[in-house]
Amino acid sequence: MKRIVTVQDISAVGKCSLTVALPIISAMGVECAVLPTAVLSTHTQFSGFTFHDLTGEMAPIAAHWKKEGLDFDAIYTGYLGSFEQISLVEDFYQSFGQNGAKLVVDPAMADNGKLYYGFTPEFAKKMAGLCAKADLILPNLTETCFMLGEPYSPEYDRETIRGYLKRLCAMGAKHAAMTGVSYEKGKIGVEMLDAETGEFFSYFNEHLPVAFHGTGDIFASATVGAYAGGFSLQESLKIAVDYTLECIRKTLADPCARSYGVNFEEAIPDLVRRIGK
Ligand code: PXL
């Protein structure tokens, strides 16, 4: 069985970061180790959340894993809370990337033209440095704009997106896949550039006219689960687009849907069937 490690926070309630990465990646038949960065009562879109930083635990946990001879097929980072955590992830990759572990970075820090609570444009530049080392990055348009120092506009065309992807790859990422891309009314999906071949790949499915928190984490987790499980990158992105759409459908159909995240749980059986597990 493949084993990956994901580095992100535990938002105890919130259907994001570790509470979605663990169930999704495990359900896809991939062992999911966790390097938790912080414990929050909820994600930061709630007001009054508690926050307990675990930065001090990261290096000792990594050192113990090294001593035990553990390694990983992929290192998947999501929401990181500080410059120091990004530096620690860079050290972690330096140490655990030697055996060919792929680094997948979801620079979860912004959406809809705005940085999440607590982040600054300087933080986005530091995140761009981590993205430069990655095999695959999964930013949305807002995160891309902050990393490239471009103004955000919800209006764009394919040429603009492809230009941004080229610039992200020029910084060092081997594959840059932008999530939540829509060139045509009623369709949304992903556009990826493979820096080695210079080829673009895109895939779209139905765009339901709603926006929910947490879909980026769900998308990234499904991509990592599929990719680590042996699917090609292209097929992994298709699986993630379709699964994210199914989660949104399930949320819209759920009379008890939560306001803070999507119903990814009831779409897991579809995902598992899709990947033939
Ligand atoms: O979904 C990304 C995310 C992860 N973790 C925390 C967050 C957010 C987005 O707001 O606040 C703590």
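Just follow the structure's listing: the first ligand is 1, and inside any ligand the first atom is 1. Just so we're clear, the structure is a prediction, and the values are computed from it rather than from any experiment.
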Query - Salt bridge Lys126-Glu122, side-chain N to carboxylate O under 4.0 Å - result: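 A salt bridge is absent here (no side-chain N lies under 4.0 Å from a carboxylate O).
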Query - Glu266 bridged to Arg249 by N-O distance under 4.0 Å - result: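 Judged by the 4.0 Å cut-off on N to carboxylate O distance, Glu266 and Arg249 do not form a salt bridge.
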Query raised in the report: At a 4.0 angstrom heavy-atom cut-off, what protein residues surround ligand 1?
Result: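 Within the 4.0 Å shell of ligand 1, which is judged on heavy atoms, sit Asp9, Ser11, Cys16, Ser17, Leu40, His43, Thr44, Gln45, Tyr79, Tyr116, His213, Asp217.
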Query - Cation-pi, Phe200 ring and Arg162 (6.0 angstrom, 45 degrees) - result: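 Arg162 over Phe200 ring: yes.
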**Report entry** Neighbour count >12 (heavy atoms, 6.0 Å) for atom NZ, Lys66
**Finding:**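 Buried by this count: over 12 neighbours within 6.0 Å.
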Query raised in the report: For Gln234, what residues pass the side chain to side chain contact (heavy atoms under 4.5 Å, CB included) criterion, not counting sequence neighbours?
Result: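 Gln234 satisfies side chain to side chain contact (heavy atoms under 4.5 Å, CB included) with Met192, Phe201, Ser232 once adjacent residues are dropped.
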**Report entry** Same apolar cluster: Met127 and Leu165, side chain cutoff 4.5 Å
**Finding:**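 Cluster IDs for Met127 and Leu165 match.
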